[in-house]
Amino acid sequence: MTKELSILILPGDGIGPEIMAQARRVIDWMGENRGLNFTLHEDSVGGAAYDKYGKPLSDEALALAKSVDAVMLGAVGGPKWDGVDYDKRPEAGLLTLRKELELFANLRPAICFEALVEASSLKPELVSGLDIMIVRELTGGVYFGEPRGIETLPNGDRRGVNTQVYTTPEIHRIAHIAFDLAGKRDGRVTSSEKANVMESGLLWREEVTKVAADYPEVALDHMLADSCAMQLVRAPKQFDVIVTDNLFGDLLSDVAAMLTGSLGMLPSASIGVMGGGAMYEPVHGSAPDIAGQGIANPIATILSLAMALRYTFDLGDEAQLIEDAVQDVLGQGMRTADIMQPGKTKVSTSVMGDCILQAMEKLQR
Ligand code: NAD
């Protein structure tokens, strides 16, 4: 019997169940055609879990998430739960997962598919062939640093405080992720901070440089975060892997996302401490405006599955097959409504799933 590959599927809210159903078909196909031994578990998260259990992530679902090799998440949230207490909101389920699984590295690829070059807000020649990876630190920095809060000063003025703080182990572990990735890609890391005005940025720069000594085959350069944002929209193809902190990563990954044109195409991975968990999810939300209509784009979720195969299960060939199938289907002119272009064929969520499975069948040898 081949090694068991365990996945917890959390479809979530809105379009989550629709797009996850298509990713599940790809998992089933992999089991049948590539001899892979998947064990699938499924539970609720977000609003769906709140409706069922009174909280956005049940203890059982959390225990399962900790026990499996990978979690596949659809999306959470929606207007139905807007009035729910802050700690029981759908998003709280997501944050609990990130915290409990210690997911400190967020990997966001920005790939421009040839067939969608025209969808980018940049000129085609700037984005054609684009393939960059943003590695964002996810559990430290100014979003979590202490002291924090809003206080009233003796003179009656109010003051808001957040603290940007990083320790050397936090910087080292995220840098190792970036260098490891670059070693399997184009061999270049750009580290981004504000070392010119922030001590935490200076420490980041010094410590990333130390880690680089372990990777002589990878080239490292440093770029101030404001300059990096500018370069991302001026000449994005100069980058391979960008490693950066939580705050700058939040901004830079969204800038990079828009280079590729559509939210429905963007996967992500969040990786935990060695031997720990990992979670794969599309970058987009639950799209309540189109939920239940069968028109959502499942590609971001299917590409997130490809990331799970590559990074958690070390199945690079299978991941590549999925990515090639997506490329092929787009090349055939198949489009869900969000990426529809004149002269192309508009298809539903499930027909897009059919097309990707057919392309995998065709390309598998
Ligand atoms: P959204 O990403 O859900 O939707 C933004 C726009 O993009 C909408 O017009 C939507 O129809 C479209 N869109 C998104 N994904 C699509 C897909 N796969 N196919 C076709 N079109 C797609 O962002 P929003 O509208 O700001 O948020 C909706 C809900 O999702 C909110 O409750 C928000 O809190 C939540 N949210 C969740 C996550 C997550 O689960 N990780 C991320 C972002 C937002």
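Here the structure is a predicted model, which means the values were calculated and not measured. Both ligands and their constituent atoms are indexed starting at 1 by order of listing.
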For [X], take its heavy atoms, then give the atoms of ligand 1 lying under 4.0 Å from any of them.
X      : value
Ala296 : 19 (N)
Gly77  : 32 (O)
Glu281 : 41 (N)

> Given the rule in the salt bridge (charged side-chain N to carboxylate O under 4.0 Å, His left out) test, do Asp317 and Arg34 qualify, once you have shown the distances and angles that lead to the verdict?
Replying inline: CA-CA 10 Å; Asp317 289 348; Arg34 309 290 282 206; 5.3 Å; no
>> Any salt bridge linking Arg25 with Asp354? Criterion: basic side-chain nitrogen under 4.0 Å from a carboxylate oxygen.
In response: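 Salt bridge present between Arg25 and Asp354.
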> Between Glu137 and Tyr166, is any side-chain donor less than 3.5 angstrom from a side-chain acceptor?
Replying inline: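 Side-chain D/A pair, Glu137 to Tyr166: present.
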> Is the closest side-chain donor-acceptor distance between Thr168 and Glu207 under 3.5 Å?
Replying inline: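 No, no side-chain donor-acceptor contact under 3.5 Å.
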Looking at [atom], is any protein heavy atom nearer than 4.0 Å to it?
atom                    : result
atom 25 (O) of ligand 1 : no
atom 11 (O) of ligand 1 : yes
atom 41 (N) of ligand 1 : yes

For ligand 1, the portion of [X] having any non-hydrogen atom under 4.0 Å away:
X      : result
Leu263 : side chain
Thr336 : neither
Ile19  : neither

> Does Gly78 have a heavy atom less than 4.0 Å from any atom of ligand 1?
Replying inline: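 Within the 4.0 Å threshold, so yes.
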> Looking at ligand 1, does Val76 have a heavy atom less than 4.0 Å from it?
Replying inline: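 Distance cut 4.0 Å: Val76 passes for ligand 1.
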Check: [Y] main-chain N/O paired with [X] side-chain donor or acceptor under 3.5 Å:
X      : Y      : answer
Asp240 : Val189 : no
Thr349 : Pro298 : no
Thr260 : Ala257 : yes

Shortest protein contact, [atom] (heavy atom only):
atom                    : value
atom 29 (C) of ligand 1 : Ser286 OG, 3.3 Å
atom 8 (C) of ligand 1  : Asp289 OD2, 3.4 Å
atom 19 (N) of ligand 1 : Asn297 N, 2.9 Å
atom 22 (C) of ligand 1 : Ile290 CD1, 4.1 Å

>> Quick test of your reading of the structure: of Ala75, Pro288, Gly264, Pro298, whose heavy atom lies closest to atom 28 (C) of ligand 1?
In response: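 Comparing heavy atoms across Ala75, Pro288, Gly264, Pro298, the nearest one to atom 28 (C) of ligand 1 lies in Pro288.
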>> Minimum distance, heavy atoms only, to atom 14 (C) of ligand 1: which one of Glu91, Lys80, His284 is it?
In response: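 Closest candidate by heavy-atom distance is His284.
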> Which residues satisfy the side-chain contact (heavy atoms from CB on, under 4.5 Å) test with Ser348, sequence neighbours excluded?
Replying inline: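 Checked Ser348 against side-chain contact (heavy atoms from CB on, under 4.5 Å); matches are Ser350, Val351.
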> Can you say whether the rings of Phe179 and Tyr215 are parallel (under 30°), tilted (30 to 60°) or perpendicular (over 60°)?
Replying inline: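 Ring orientation of Phe179 relative to Tyr215: parallel.
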>> Looking only at distances, can you tell me whether any N or O atom of Ala287, backbone or side chain, sits closer than 3.5 Å to an N or O atom of ligand 1?
In response: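 In this structure, Ala287 places an N or O atom under 3.5 Å from an N or O of ligand 1.
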> Is the closest N or O pair between Gly285 and ligand 1 shorter than 3.5 Å?
Replying inline: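 The answer is yes, given that Gly285 and ligand 1 share an N or O pair closer than 3.5 Å.
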> Which pair of non-hydrogen atoms, one from Ala256 and one from Ala110, has the smallest distance, and what is that distance?
Replying inline: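 In terms of heavy atoms, the two residues are closest at O-CB, 3.6 Å.
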>> Which heavy atom of Leu224 sits nearest to which heavy atom of Ala195, and what is that distance?
In response: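 Closest approach of Leu224 to Ala195, heavy atoms only: CD2-N, 3.8 Å.
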>> Going by side chain to side chain donor-acceptor pair (under 3.5 Å), name the pairs with one or both residues in residues 327-343, residues two or more places apart or in two chains.
In response: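 Residue pairs with at least one partner in residues 327-343: Ser262-Asp338, Asn297-Thr336, Asn297-Asp338, Asp328-Gln332, Asp328-Lys362, Arg335-Gln341, Thr336-Asp338.
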